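Shown next, in structure tokens, is the structure this report addresses.
Keep in mind it's a predicted model, so treat the numbers as computed, not measured.
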Amino acid sequence: MSTFDTSKLISISKTVLIWGLVLYLGFIIFFNDSNCPSSQLFSSFRLKWAPFSSQSNDVQSKSSTNISHLLFGLLGSEKAWHHRKSYIESWWRPNVTNGYLLLDVPPKGDLLPWSSNSPPYKISDDIPKLVNETKHVDATVLRLVHGIMEVFREKHEGVRWLVMGDDDSIFFLDNMVEILAQYDHTKYYYFGGHSEFILSNYWYSFNQGFGGAGFILSYPLAKALSRDMMSCLKRYAHLNAADRTTMTCIADIGVNLSPLQGIHQIDLRGDLFGFLSSHPKSLLMSLHHFDMVDPIFPSMDRAQSVFHLQNAAQYDQSRMLQQTICHHRSKSWTFSVSWGYSTHIYEKIMPRSWIQRPIETFKPWQKSPNPPHYMFDVRSPSWDPCESPHVFFFKSIERTPRNEVLTTYTRAWPRGIGTCLNAGNHSAEYIFEIHVYSPAIKRIQMDRCECCDIIHEAGSNRAEVKYRECKEDEIIA
């Protein structure tokens with residue numbers, strides 16, 4: 001090849017290289033111009049071929065549900081709020097929780113000035129006007145159902161879930177967020193709980209969420225229901241039950257109830273300690289009807305009781321009321337811990353299946369001549385010293401230097417019925433205090449209960465319970 005040809009080839013190569021660089025820079029500028037529609041195609045191309053981990057992290061950040069995504073609508077009356085506000089203030093987090101208390105009339109008297117620890121209030125819409133417009137047979141039912149729309153229409157950025165409940169309920173916010181984070185808030189969801197009284201479900205519906213304890217609507221469903229609210233109230237103006245009306249309106253949209261075990265209507269009367277000491281294996285979300293039951297802790301009134309329970313919840317909601325059962329075999333004792341509420345000692349080795357059945361210390365919501373009364377199994381109170389527990393109630397909670405949570409339970413009363421002779425005459429009557437040590441980390445996985453070990457020195461009036469994960473295939477029997 002001649003010198004001329006070589007020089008010409010080098011010149012052509014340089015020209016091609018320069019034009020290639022120009023075209024490359026132009027491509028980048030063009031396809032990254034936000035005003036250029038073609039840039040969307042390039043962005044899609046980059047997203048499609050982005051590393052999987054970055055896509056995953058981006059989706060997780062967008063899908064993570066927190067308390068700011070919940071909007072509460074609490075239905076109450078001015079008259080009842082004078083003594084019920086302590087229930088709500090025990091769990092409401094000012095400047096954190098979003099929502100409203102819907103009152104029938106403006107507050108007055110000792111309710112003013114309005115407490116900063118209470119939810120902001122709003123007054124329900126003109127109910128007589130709405131009754132006249134819909135021809136509804138029950139003004140109270142109309143107010144309760146219409147309240148869903150009244151809360152929803154208050155714009156809140158980022159709302160994913162609408163939670164409706166009554167002013168005599170307490171909620172466990174961290175657990176609620178934990179549960180709702182498992183679901184896609186862009187879909188249609190209607191969550192709620194059944195009544196514990198079997199006839200209430202029969203009289204109204206087994207497919208409705210009983211609203212006092214709280215029912216939860218995803219944002220798209222709340223939006224659809226609000227749009228149809230007036231039409232639905234006219235269609236079902238003859239219904240005289242708010243929860244059934246809500247269920248029926250939602251069913252017309254094509255959505256059915258998804259029951260959650262942790263939502264408790266508490267359609268029970270009297271002493272709840274047997275029920276609360278055997279909570280089902282699910283996160284506790286709500287407790288309703290505090291006006292209708294005895295205070296849940298001895299020597300406390302209702303207001304003090306709910307604050308005391310919420311004190312434990314501030315440390316660990318994931319274990320609230322969760323039942324853990326273990327044995328102290330040298331003395332043939334069975335311990336049952338309802339975390340944050342109570343501990344029982346039985347003077348006999350008892351299987352979990354028996355301990356998990358609540359003791360019927362409570363009464364049905366209404367008198368009914370024949371069983372079944374409840375939507376769960378029960379066992380009758382017993383004076384047999386082998387079957388009757390020594391009862392201890394939650395006293396205090398603290399974090400230890402070893403990064404554990406220590407809950408202390410003290411004896412409620414002397415059992416006074418003798419010793420279980422079948423198990424070797426090992427009385428637990430002298431035990432006065434029980435210390436329960438649990439890890440200072442959440443335990444959300446509910447595939448099985450935790451296990452525990454008992455430490456008790458001979459003659460000591462104190463016993464220790466140390467939580468741990470169960471061994472593979474461990475049997476407590």
Side-chain angles (χ1 to χ4, degrees), residues 70-77 80-81 84 87-88 91-92 99-104 119 122 124-125 127 136 138-152 161-173 176 179-180 188-197 199-219 221-222 224-226 228-229 232-233 236 239-253 255-268 284-293 365 375:
L70 276 59
L71 177 64
F72 284 83
L74 303 171
L75 295 160
S77 68
W81 186 249
R84 287 183 174 179
Y87 303 149
I88 304 301
W91 61 268
W92 186 265
Y100 305 96
L101 171 71
L102 283 181
L103 293 177
D104 49 352
K122 291 186 175 295
S124 294
D125 285 355
I127 300 304
H136 207 284
D138 193 314
T140 300
V141 169
L142 184 145
R143 176 179 173 250
L144 295 177
V145 179
H146 193 266
I148 300 171
M149 183 183 74
E150 294 174 39
V151 174
F152 177 82
W161 303 95
L162 176 63
V163 185
M164 300 297 297
D166 282 0
D167 60 352
D168 60 339
S169 298
I170 64 173
F171 293 91
F172 296 85
L173 300 180
M176 192 169 286
I179 291 290
L180 295 177
Y188 281 45
Y189 281 110
Y190 166 38
F191 295 120
H194 293 122
S195 170
E196 293 80 7
F197 183 49
L199 287 181
S200 290
N201 300 286
Y202 173 74
W203 290 331
Y204 297 104
S205 176
F206 283 91
N207 294 316
Q208 77 174 31
F210 281 72
F215 61 82
I216 306 170
L217 309 178
S218 59
Y219 184 87
L221 178 56
L225 180 61
S226 296
D228 186 53
M229 181 60 69
C232 190
L233 287 171
Y236 300 108
L239 293 181
N240 59 358
D243 297 337
R244 186 174 183 181
T245 302
T246 301
M247 175 207 69
T248 306
C249 293
I250 291 173
D252 286 353
I253 299 171
V255 181
N256 299 117
L257 176 71
S258 297
L260 293 175
Q261 278 192 309
I263 297 177
H264 298 291
Q265 177 73 2
I266 309 294
D267 278 349
L268 304 168
L284 174 64
M285 298 177 70
S286 70
L287 297 170
H288 179 45
H289 273 153
F290 271 90
D291 277 358
M292 302 298 178
V293 296
W365 182 247
M375 292 286 288

Reported [atom1]-to-[atom2] distance for the pair [X] and [Y], which is rounded to 0.5 angstrom:
X      : Y      : atom1 : atom2 : result
Leu144 : Asp138 : CG    : CG    : 8.5 Å
Ile170 : Leu287 : CD1   : CG    : 5.0 Å
Ile127 : Thr140 : CD1   : OG1   : 9.0 Å
His264 : Phe210 : NE2   : CZ    : 14.5 Å
Gln261 : Leu284 : CD    : CG    : 12.0 Å

List in chain and number order the residues that pass side-chain hydrogen bond (donor to acceptor under 3.5 Å, both in side chains) with [X], two or more places apart in sequence or in another chain; answer none if no residue qualifies.
X      : answer
Arg84  : Asp167, Asp291
Ser195 : Asp267
Tyr236 : Asp252
Ser169 : His288

Residues two or more places apart in sequence or in another chain: which of them pass ring pair (Phe, Tyr, Trp, His ring centres under 6.0 Å) with [X]?
X      : value
Tyr190 : none
Trp91  : Phe72, Phe171
Phe152 : Tyr219
His146 : none

Listed once per pair and sorted, the side chain to side chain donor-acceptor pair (under 3.5 Å) pairs that draw on residues 201-218, sequence neighbours left out: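 Every candidate side chain to side chain donor-acceptor pair (under 3.5 Å) pair involving residues 201-218 fails, so no pair, neighbours aside, qualifies.
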Any donor-acceptor N/O pair, Asp243 side chain to Gly211 backbone, under 3.5 Å: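 Side chain of Asp243 to backbone of Gly211: a pair is present.
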Under 3.5 Å donor-acceptor, Gln265 side chain and Gly193 backbone: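 No; judged by distance alone, with no hydrogens or angles, the pair does not exist.
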Phe215/Ile148 under side-chain contact (heavy atoms from CB on, under 4.5 Å): CA gap, chis, key distance, verdict: CA-CA 11 Å; Phe215 61 82; Ile148 300 171; 3.7 Å; yes
Please name the pair of heavy atoms, one in [X] and one in [Y], separated by the smallest distance, quoted to 0.1 Å.
X      : Y      : result
Leu239 : Thr248 : CD1-OG1, 4.0 Å
Leu221 : Leu217 : CD2-CD2, 3.9 Å
Arg143 : Leu102 : NH2-O, 2.9 Å
Cys249 : Leu225 : CB-CD1, 3.6 Å
Trp365 : His289 : CH2-CE1, 3.3 Å
Ser226 : Met149 : O-SD, 3.6 Å

Working for side-chain contact (heavy atoms from CB on, under 4.5 Å), residues Met292 and Asp168: CA-CA 9 Å; Met292 302 298 178; Asp168 60 339; 5.5 Å; no
Would you say that [X] contacts [Y] through its side chain, given a criterion of any heavy-atom pair below 4.5 Å between the two side chains?
X      : Y      : result
Phe206 : Met375 : yes
Ile263 : Ser286 : yes
Leu180 : Phe191 : yes
Met285 : Ile216 : yes
Tyr188 : Ile250 : no

Criterion side-chain contact (heavy atoms from CB on, under 4.5 Å) on Leu101 and Ile88, from CA distance to verdict: CA-CA 10 Å; Leu101 171 71; Ile88 304 301; 5.9 Å; no
Residues in side-chain contact (heavy atoms from CB on, under 4.5 Å) contact with Val293, at least two apart in sequence or another chain: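 Val293 satisfies side-chain contact (heavy atoms from CB on, under 4.5 Å) with Ile266, Leu272 only.
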With His136, the side-chain contact (heavy atoms from CB on, under 4.5 Å) member among Val141, Asn240, Val145: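 So the option named by the test is Val141.
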